[in-house]
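Atoms within a ligand are numbered from 1 in the order they appear, just like the ligands themselves. Please read all numbers here as calculations on a predicted model, not as lab measurements.
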Amino acid sequence: MGTTTEVTQELVERLAAASDLVVFTGSGISAESGIPTYRGNLALWAGFRAEELSSVAAFERDPGQVWTWYEERRQQIAKAEPNPAHRAIVDLERAFKGFHLITQNIDGLHQKAGSKDPIELHGSIWRGRCTREHIIVDLTECPLTTLPPVCGRCGAVLRPDVVWFGEALPHGPFEAANLAAAFCGAMIVVGTSAQVMPAASLPLVAKQNGAFVVEVNTEHTAISTLIDETLLGAAGGVLPGLVEKVIRRVESR
Ligand code: BJW
C-alpha cells in the first residue's frame, strides 16, 4: 500500500490501462456540496444518533419523527449542487467503454451531475416504499405536503426507499455491483470510510480479482492497508485533475 498527495504518472498509467473502470463512492464525495457525511457531522440530530433513526425499529416506533428527519435532509439535498468530483466522474463515464459507477449515497447528486445509471446500493432519498404492498414510488416533490407520506394506491404509510442497518441491500444492484467489482481492471474509491458492510467489501472483491484499487479520501480508511494506493485530499480538489490526466492518457492511445 502507498500513500500520495499528488497524482503520480504511475497512478495515471494504472488507471488508464484498465479496460473496465469502476468508481465506488461514499458520502465524502458530497461533502463539498454541503451534505454532511455519516460518521462526521450527521452524527447527531435532535439528540439522536443517525444510526438510531436509520432503523426499522425507529420507524415502527415513530414514523413521523423519522420522516421529519428525512424531510430536513431532503430539503438540504434539494438545494445542493453536484461538485467538481461528481462532474469528473461523468467525464470518466464518457471516456471509458467499460464503466460502472457504484454509490452508497442516497442523495441523487451523481444523477444530477449527469451520471447515467449509477448502481445505488443503499437506495434513494427521492423514492418511497409502500409499507403494505412494498411498491416503490418516486418522491421527488419537495417539500412533501404530507408527513408521513402515504401510498397513492392503497393509502398505507410510505417508508424512505433506503437501506437501514440490519436490512439486506437490494438484490439486483448488489449483484450488479459485485459483478462490476469482480471484473474491473481498476477501481477508484471516493469518500467512504469503508466501515459499512457489505458495501465496504467491494474494493476488496476488486483487489482479490486482480484490479488496481486506489482511494481518494481526506484521511486513511479501514481499507487503506488492503488496497494499492491512497490519494489523500478532498475529492473535489483531487479528482478533476486525476481524471483529466487519465482521460488524456486514454485518448492518446
Ligand atoms: C472525504 C471528504 C472529501 C470527507 N473528499 N473524502 C459484517 C458483515 C456484514 C454486515 C455487517 C458486518 N458487521 C456489521 C454488519 C451490519 C451493518 C454494518 O456494516 N455495520 C457497521 C457499521 C459495523 N451492515 C448492515 O446492516 C447492512 N445490511 C446487512 O449487512 O444486511 C445483512 C442481511 C442479509 C440478508 C438479510 C437481511 C440482512 C446495511 C447497511 C445499510 C447502511 N445504511 C446507511 C444509511 C442509509 C440511509 C440514510 O442515509 O438515512 O448508509 S448507514 C450510512 O453508512 C449510509 C452510507 O451509505 C453508509 C456508508 O457511509 P460512508 O459513505 O462511508 O460515510 P462515512 O461518514 O462513514 O465516511 C465518509 C468518508 O468521507 C470518510 O472516510 C471521510 O474521511 C471522507 N471524506 N470529506 C473525500 N471532501
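Close approach to Gln104 involves these atoms of ligand 1, each under 4.0 Å from a residue heavy atom: 57 (O), 59 (C). Near Glu32, meaning under 4.0 Å from one of its heavy atoms, ligand 1 places the atoms 3 (C), 5 (N), 80 (N). Those atoms of ligand 1 with a heavy atom of Gly166 less than 4.0 angstrom away are 25 (C), 26 (O), 37 (C), 38 (C). Numbered from 1 in the order shown, with element, the atoms of ligand 1 that lie under 4.0 Å from a heavy atom of Tyr70 read 47 (C), 48 (C), 50 (O). Atoms of ligand 1 found under 4.0 Å from any heavy atom of Gly26, numbered from 1 in the order shown, are 62 (O). Taking a cut-off of under 4.0 Å to the non-hydrogen atoms of Val196, the atoms of ligand 1 that pass are 19 (O), 40 (C), 42 (C), 54 (O), 58 (C), 59 (C). Taking every non-hydrogen atom of Glu219 and a distance limit under 4.0 Å, the qualifying atoms of ligand 1 come out as 75 (O). Using a 4.0 Å cut-off to heavy atoms of Val162, the atoms of ligand 1 that qualify are 47 (C).
Using a 4.5 Å cut-off on side-chain heavy atoms (C-beta onward), Pro143 and Glu71 make contact. Between Val250 and Ser252, every side-chain heavy-atom pair lies at or beyond the 4.5 Å cut-off. In this structure the side chain of Arg249 never reaches within 4.5 angstrom of the side chain of Leu15, judged on heavy atoms. Thr4 is not listed as a side-chain neighbour of Leu232, based on a closest heavy-atom distance of 4.5 Å or more. At least one side-chain heavy atom of Phe165 sits under 4.5 Å from a side-chain heavy atom of Val196.
A salt bridge does not link Arg159 to Glu60: none of the charged nitrogens lies less than 4.0 Å from a carboxylate oxygen.
Only the side chain of Ala31 comes within contact range of ligand 1, with a heavy atom under 4.0 Å; no backbone atom does. Under 4.0 Å from ligand 1, the heavy atoms of Ile106 that appear belong solely to its side chain. The part of His122 lying near ligand 1 is the side chain, judged by heavy-atom distances below 4.0 Å.
Considering backbone and side-chain N/O of Asn105, none are found under 3.5 Å from N/O of ligand 1. Not a single N or O atom of Ala234, backbone or side chain, sits closer than 3.5 Å to an N or O atom of ligand 1. In terms of polar-atom proximity, Glu167 is counted as a contact of ligand 1, with an N or O under 3.5 Å from an N or O of the ligand. At least one N/O-N/O distance between Gly191 and ligand 1 falls below 3.5 Å. Remark: ligand 1 and Met197 share an N or O pair separated by less than 3.5 Å (distance only, no angle test). Considering backbone and side-chain N/O of Pro198, none are found under 3.5 Å from N/O of ligand 1. Considering backbone and side-chain atoms alike, Ser193 places an N or O below 3.5 Å from some N or O of ligand 1.
Between atom 56 (C) of ligand 1 and the options Trp164, Phe165, Tyr38, the minimum heavy-atom separation is to Tyr38. The heavy atom nearest to atom 62 (O) of ligand 1, considering only Ser201, Ser124, Ser27, Ala168, is found in Ser27. Which of Val163, Ile35, Asp161 comes nearest to atom 43 (N) of ligand 1 through a heavy atom is settled by distance: it is Val163. Among Val238, Ile125, Asn217, Val66, the residue whose heavy atom sits closest to atom 73 (O) of ligand 1 is Asn217.
Panel note: side chain Thr230, backbone Glu215; no donor-acceptor pair is recorded below 3.5 Å.
Using modelled atom types, one finds a donor on one side chain and an acceptor on the other under 3.5 Å when comparing Ser30 with Asp107.
With Leu101 as the partner, the side chain to side chain contact (heavy atoms under 4.5 Å, CB included) test is satisfied by one option alone out of Ile89, Ile188, Asp117: Ile89.
The neighbour count for Glu13 CD, taken as heavy atoms of other residues, nucleotides or ligands under 6.0 Å away, is above 12.
For the residue pair Ile102 and Ala180, the shortest heavy atom distance occurs at CD1-CB, 4.3 Å.
Ring geometry, Tyr70 versus Trp164: the interplanar angle falls from 30° to 60°, so the pair is classed tilted.
In terms of hydrophobic clustering, with Ile, Leu, Val, Met, Phe, Trp and Tyr side chains grouped at heavy-atom distances under 4.5 Å, Val189 and Leu226 are assigned to a common cluster.
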